[in-house]
Colleague: 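One structure, as structure tokens, below. Some questions next.
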Protein chains: 2
Amino acid sequence: MARTTGSDGEKTEAAVREAAVSLIARLGYEAMSMRQLAAEVGVQAAALYRYFPTKEDLLFTLMREHMEGLLKAWEAARPATADPVTRLAAYVENHIAFHIERRHATHVSNMELRSLSHERLTQILKMRTTYEKELRTILRDGAETGLFQVDDTGLTAMALIQMMTGVIVWFRPGERLSVAEVTTTYLFMTMRLVGAKIDGREVAHVHEYAQLRT
Amino acid sequence: MARTTGSDGEKTEAAVREAAVSLIARLGYEAMSMRQLAAEVGVQAAALYRYFPTKEDLLFTLMREHMEGLLKAWEAARPATADPVTRLAAYVENHIAFHIERRHATHVSNMELRSLSHERLTQILKMRTTYEKELRTILRDGAETGLFQVDDTGLTAMALIQMMTGVIVWFRPGERLSVAEVTTTYLFMTMRLVGAKIDGREVAHVHEYAQLRT
DNA sequence: GAATTAATTGAACGTTCGTTTTATTAGTAT
DNA sequence: ATACTAATAAAACGAACGTTCAATTAATTC
């Protein structure tokens with residue numbers, strides 16, 4: 001046999017991407033075989049090579065587009081105001097929303113970096129650094145204006161990102177907590193962690209902060 | 001050829017464990033071949049099977065002993081006092097010290113869970129849950145006595161553990177920060193995050209807390 | 001020093017891997 | 001209808017994988 005009825009390149013490629021993210025997240029990149037991926041799509045392994053020249057190209061494409069999506073999402077969500085508290089809140093909300101919505105892709109981008117060539121690894125890490133720098137800038141601005149009590153900007157940024165991204169490890173949609181509840185709690189924990197002052201004083205309880213959210 | 005001069009089972013097994021942790025941390029479990037591991041030890045691949053019946057047995061052994069070590073370390077470090085602030089501080093200090101000291105093994109235990117059989121995965125996760133429960137208990141005790149301001153004990157425990165374990169991602173011994181400096185900063189961030197009261201008031205600056213450390 | 005045990009080698013097994021090549025069919029344009 | 005292009009199947013490639021087995025040598029025991 002050969003070309004199947006109703007076959008469509010665009011649809012097949014999209015199906016390959018989707019199945020690849022899911023399979024790599026579940027099994028890991030090395031453990032997933034091209035034959036397994038092909039079977040999930042409903043196609044023979046050779047057909048995959050029409051869309052991605054190598055297995056690593058497939059992985060890199062998924063990662064690059066994930067990181068581009070993250071940067072684009074933040075560009076769209078970034079508030080115009082200079083107020084560090086508002087900016088930090090927007091960063092946290094965007095980060096959590098994006099990562100919960102794309103749990104599998106985030107898993108892939110965070111766990112499979114070592115399967116990339118040196119050059120491509122550098123490319124992905126550059127994007128990641130760009131994203132993390134945004135948070136460091138917010139923290140620095142907040143610390144300089146006295147709104148935040150941050151001891152070490154770089155260390156605090158790493159701690160916050162690790163804490164926030166960790167959501168994807170345990171969060172399951174439709175369980176005990178909603179996305180909104182999780183986000184509120186994380187926002188509050190973040191503001192406490194950086195010692196943020198709102199209306200001139202530190203926020204003592206989560207309910208106070210929840211009311212401030214727009 | 002066969003048995004080599006000066007060969008010793010105990011030494012070889014120890015060398016295999018050490019090389020395996022290092023190689024799996026760097027390449028990933030699936031990507032590391034038994035031949036690669038054998039070469040690192042300076043032995044033929046077949047010799048490995050004298051010590052570990054399968055590749056998965058090797059992985060499981062490394063993980064189980066890592067988790068057992070973590071639980072043992074906490075049992076030794078756990079303070080006798082009932083004071084939640086002291087207990088939380090001890091938990092943070094022990095967690096960070098242990099994970100920095102065994103960065104590679106932690107990497108393996110956290111990243112390669114999916115390569116375990118269902119039964120063994122359950123075994124490892126049970127140990128992990130036991131360890132995490134210790135933190136939840138501390139947070140609950142602190143919240144009940146009004147010393148902590150914690151909205152959701154389970155969620156806060158996960159956030160803290162993710163934040164602390166994240167140290168191994170960016171921390172490199174001998175660089176900008178010492179282990180002591182990192183620990184102090186993390187201790188402070190933790191106390192801020194849970195809204196801990198010391199001597200009846202919240203700690204505003206890292207220097208205040210650093211002085212309280214024993 | 002002979003017998004036994006411990007530790008390892010070297011070669012091989014069957015399987016699976018990523019990938020390539022060639023042929024074949026479905027859709028599209030002329 | 002015919003020519004052309006897009007999309008796939010089927011089969012095969014060499015390489016590498018985890019693992020096993022028999023042979024061999026070092027160390028130990030008697």
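In what follows, chains are A, B, ... by sequence order, proteins preceding strands, each numbered from 1. Computation of the quantities below employed the complete heavy-atom set of this structure, encompassing side-chain atoms and omitting hydrogens, waters and symmetry-equivalent molecules.
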Colleague: Side chain of A:Ala46 only, please: which of D:dA26, D:dT19, D:dA11 is the nearest?
Modeller: D:dA11
Colleague: Let me know the distance between CG of B:Leu37 and C1' of C:dT8, rounded to the nearest Å.
Modeller: 15 Å
Colleague: Can you tell me how far apart CZ (A:Arg136) and CE (A:Met158) are? Round to the nearest 0.5 Å.
Modeller: 8.0 Å
Colleague: Is the phosphate of D:dA7, meaning OP1 or OP2, less than 4.0 Å from a side-chain N or O of A:Arg50?
Modeller: yes
Colleague: Using whole Å, report how far CZ of B:Arg3 lies from C1' of D:dT25.
Modeller: 9 Å
Colleague: Do B:Phe60 and B:Phe52 make the cut of ring centroids closer than 6.0 angstrom?
Modeller: no
Colleague: Measure CG/B:Asp8 against P/D:dT28 and give the value in whole Å, please.
Modeller: 9 Å
Colleague: Which nucleotide in the set D:dA9, C:dT9, D:dA12 lies at the smallest distance from any side-chain heavy atom of B:Gln44?
Modeller: C:dT9
Colleague: Without decimals, in angstroms, what is the distance between A:Leu59 CG and C:dT19 C1'?
Modeller: 17 Å
Colleague: Would you mind telling me which residue lines up with the more 5' stretch of DNA chain C, B:Arg35 or B:Glu10, judged by nearest nucleotide?
Modeller: B:Glu10
Colleague: Checking all strands, does B:Tyr51 fall into the base, sugar-phosphate, or nothing category for heavy-atom contacts under 4.0 angstrom?
Modeller: sugar-phosphate
Colleague: Rounding to a whole Å, what distance do you find between A:Gln36:CD and C:dG18:P?
Modeller: 9 Å
Colleague: Side chain of A:Ser33: nearest nucleotide among D:dA27, C:dC17, D:dT24?
Modeller: C:dC17
Colleague: Keeping B:His99 on the side-chain end and B:His95 on the backbone end, is there a donor-acceptor pair under 3.5 Å?
Modeller: yes
Colleague: Which nucleotide in the set D:dA27, C:dT9, C:dG18 lies at the smallest distance from any side-chain heavy atom of A:Tyr49?
Modeller: C:dG18
Colleague: Of the options C:dT19, C:dT8, D:dT19, whose atoms approach the side-chain atoms of B:Val43 most closely?
Modeller: C:dT8
Colleague: Is a salt bridge present between B:Lys72 and B:Glu68, judged by a nitrogen-to-oxygen distance below 4.0 Å?
Modeller: no
Colleague: On the nucleotide D:dT8, are OP1 or OP2 found under 4.0 Å from the side-chain N or O atoms that A:Thr12 carries?
Modeller: yes
Colleague: I need the CE-C1' distance between B:Met32 and D:dC17, as an integer number of Å.
Modeller: 12 Å
Colleague: Hey, which of these two, A:Ala47 or B:Thr5, hits DNA chain D nearer its 5' end, going by closest nucleotide?
Modeller: A:Ala47
Colleague: Rounded to the Å, how far apart are B:Lys55 NZ and D:dT20 P?
Modeller: 14 Å
Colleague: Would you confirm whether A:Glu132, through its side chain, and A:Ala157, through its main-chain N or O, come within 3.5 Å as a donor-acceptor pair?
Modeller: no
Colleague: Output the rounded distance in Å from NZ (A:Lys11) to P (D:dA6).
Modeller: 18 Å
Colleague: From the options D:dA23, C:dC17, C:dA12, select the nucleotide whose nearest atom is closest to the side chain of B:Ala2.
Modeller: D:dA23
